[in-house]
Structure formats: structure tokens, C-alpha cells
Amino acid sequence: GTRARTVRAALDAYLADVEAGVVELAPKTVVTTRSACNTMCSMVLADGRVFGDIRLSTLGWQDIEEMFRVMRADRSTDWVRRVGTVLSRGLDHARKHGLIDHNPAKDAARPKLVRRKPHSPAKEDVAALIAYMATSDPEIADAALIVAATGMRMGELLGLQWSDVDRVAGVVHVAWAVADGGRGVGVRRKPTKRSDWR
């Protein structure tokens, strides 16, 4: 149902289906997707072309890799990889609607992500921090203790309800999180990603 001919138009059509709920994404992912599309479409390549203005019929993996290179100048590798995921999904959407024959993002190499081993603070440091927090705000100290003891994300902690807690068995069921869905959605309680639970 779209006559999109440029990268920008194809991504706009993808975003329209995301906003309409035709393509289902988590609220926070919708915000990231919108931001990624805006970032990509405004990138000026080394030869002066604006990435969003490139015609779909001429878009190749080389253009996409060049966009990644330009973006890496002032963006993190993690963000560039997220942008690559959004672009790939948007171009798959365009392919399914007959706008392109294949998805050139599948052939483009994304920047490698260098993972660092996370640094965990010592048990004594965590205990000292929680004790310090308790002197000014005991409720925040309790929340920090729960996060430190369970490994919950902040959104998961905020999504907890008393029905999720079995005080007798000492078990907390984590299946919900609170997330900000951005403009028009607001803050809401949602199932954890892919409905995983712990």
C-alpha cells in the first residue's frame, strides 16, 4: 500500500506500520526505532549524499557500510549496531511490500561490538552504599537492596506487585516491567521482553 521510493520513505512506511500496531514492538523499542530512523535519514555520506534521500533502487550494501562509517565518528558502536537492526527490519518491510527485490542491509557488515567483562562491586561496598542510602531515604535503600540481591533491572523492580512476592517461600516472580513508551504511549506496565520470566 505504499509507493515509497527512497530510504526515508521506506522507513517512514515502516514507522507508520509500527505506530499503527501492524508491526508489533515494545514501547521502548518504538522510541529507539523512531530515533534510529531519524538519525539514519539525516546522515550525510562522504560523497555529500543524504542517506535518507538515496533511491531504494540504487541502495547497496556499500552505501549502508558508508553510513555506518560516518555514524561511527560521533556515535557509539552499540548505537550503530541498533541502527543497523532497525534499517534491516525497515528494508525487510520494504521487500515484503514489493519495493525492493532483496535487503542490502543483510550484506552490509556492521561494526564489531567489543564486549567488556562487567565490573561488579565488592559485597562490602554494596552494603556500605545501601547503609549510607538508608540514612537519607530508607525506601530507596530497600529498593537498592532488592536490585542488588536479585539482579532485577530497574523497570522490573518498578513493575513488581505484591501478588508477585511470596514472602513465606522467599520467592519473587519477575514477569513484568515498567517502561516509558514515549510520546502518545507514556509509562506503562508490560510483560518482560519476549514474555520471559524468572
Side-chain angles (χ1 to χ4, degrees), residues 11 14-40 75-93 96 103 105-106 110-198:
L11 291 176
Y14 174 62
L15 275 175
D17 278 357
V18 166
E19 302 280 354
V22 176
V23 176
E24 290 186 34
L25 296 176
K28 199 166 185 175
T29 307
V30 172
V31 174
T32 303
T33 299
R34 193 180 306 119
S35 178
C37 288
N38 290 335
T39 301
M40 277 186 280
R75 303 286 178 139
S76 71
T77 301
D78 187 44
W79 174 248
V80 177
R81 289 180 61 81
R82 280 190 202 145
V83 164
T85 299
V86 170
L87 179 62
S88 186
R89 288 177 181 169
L91 292 177
D92 261 346
H93 183 268
K96 288 175 185 174
N103 181 351
K106 301 278 186 191
R110 295 184 200 178
K112 296 273 189 242
L113 185 61
V114 178
R115 297 227 179 249
R116 294 186 188 96
K117 185 177 178 183
H119 170 73
S120 299
K123 180 180 173 182
E124 297 77 22
D125 294 339
V126 173
L129 178 62
I130 292 172
Y132 175 75
M133 292 169 74
T135 62
S136 61
D137 193 333
E139 287 184 10
I140 293 293
D142 289 344
L145 179 61
I146 292 168
V147 168
T150 63
M152 272 189 244
R153 296 176 176 96
M154 186 58 66
E156 293 169 340
L157 175 70
L158 295 172
L160 276 181
Q161 295 185 348
W162 282 112
S163 59
D164 300 324
V165 180
D166 183 342
R167 294 175 68 177
V168 175
V171 173
V172 177
H173 181 85
V174 180
W176 296 89
V178 169
D180 184 357
R183 183 181 65 223
V185 177
V187 176
R188 70 184 187 98
R189 187 172 185 253
K190 64 175 187 74
T192 52
K193 203 167 195 174
R194 296 183 306 273
S195 298
D196 291 346
W197 58 272
R198 298 190 302 282

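Side chains included, hydrogens not; waters and symmetry mates left out as well; all remaining heavy atoms used. Nothing here was measured: the structure is a model prediction, and the numbers come from that model.
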Step by step, work out the side chain to side chain contact (heavy atoms under 4.5 Å, CB included) result for R110 and T85. CA-CA 9 Å; R110 295 184 200 178; T85 299; 2.8 Å; yes
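The structure places OG of S35 at 9.5 Å from CE of M40, a figure rounded to the nearest 0.5 Å. Between the CG atom of L91 and the NZ atom of K106 there is a distance of 9.5 Å, given to the nearest 0.5 Å. Here CG of L25 is found 9.5 Å from OG1 of T32. Values are rounded to the nearest 0.5 Å. Atom OG1 of T77 sits about 11.5 Å away from atom NZ of K112, to the nearest 0.5 Å. Here S76 contributes atom OG and R82 contributes atom CZ; the two are 7.0 Å apart, rounded to the nearest 0.5 Å. We find the CG-CG distance between N38 and L11 to be 9.5 Å, quoted to the nearest 0.5 Å.
The two residues A105 and S88 have their closest heavy-atom pair at CB-CA, 3.8 Å. Nearest heavy-atom pair, H173 versus L160, reported as atom, atom and distance to 0.1 Å: O-CD2, 3.9 Å. For the pair M152 and V147, the tightest heavy-atom approach, listed with the atom from each and the gap, is O-CG1, 3.6 Å. The two residues A143 and L157 make their nearest non-hydrogen contact at CB-CD2, 3.7 Å.
Using a 4.5 Å heavy-atom cutoff, the side chains of V86 and V83 are not in contact. Contact annotation: the side chain of R75 never approaches that of P111 to less than 4.5 Å [non-hydrogen atoms, C-beta and beyond]. Using a 4.5 Å heavy-atom cutoff, the side chains of V30 and E19 are in contact. Annotation: side chain of E156 is not in contact with side chain of T150 (no heavy-atom distance under 4.5 Å). By the 4.5 Å heavy-atom criterion applied to side chains, V23 and R89 are not counted as neighbours.
Between the D164 side chain and the Q161 main chain, a donor and an acceptor come within less than 3.5 Å of each other.
One finds no salt bridge joining K96 and D92 here, because no Lys/Arg side-chain nitrogen approaches an Asp/Glu carboxylate oxygen to under 4.0 Å.
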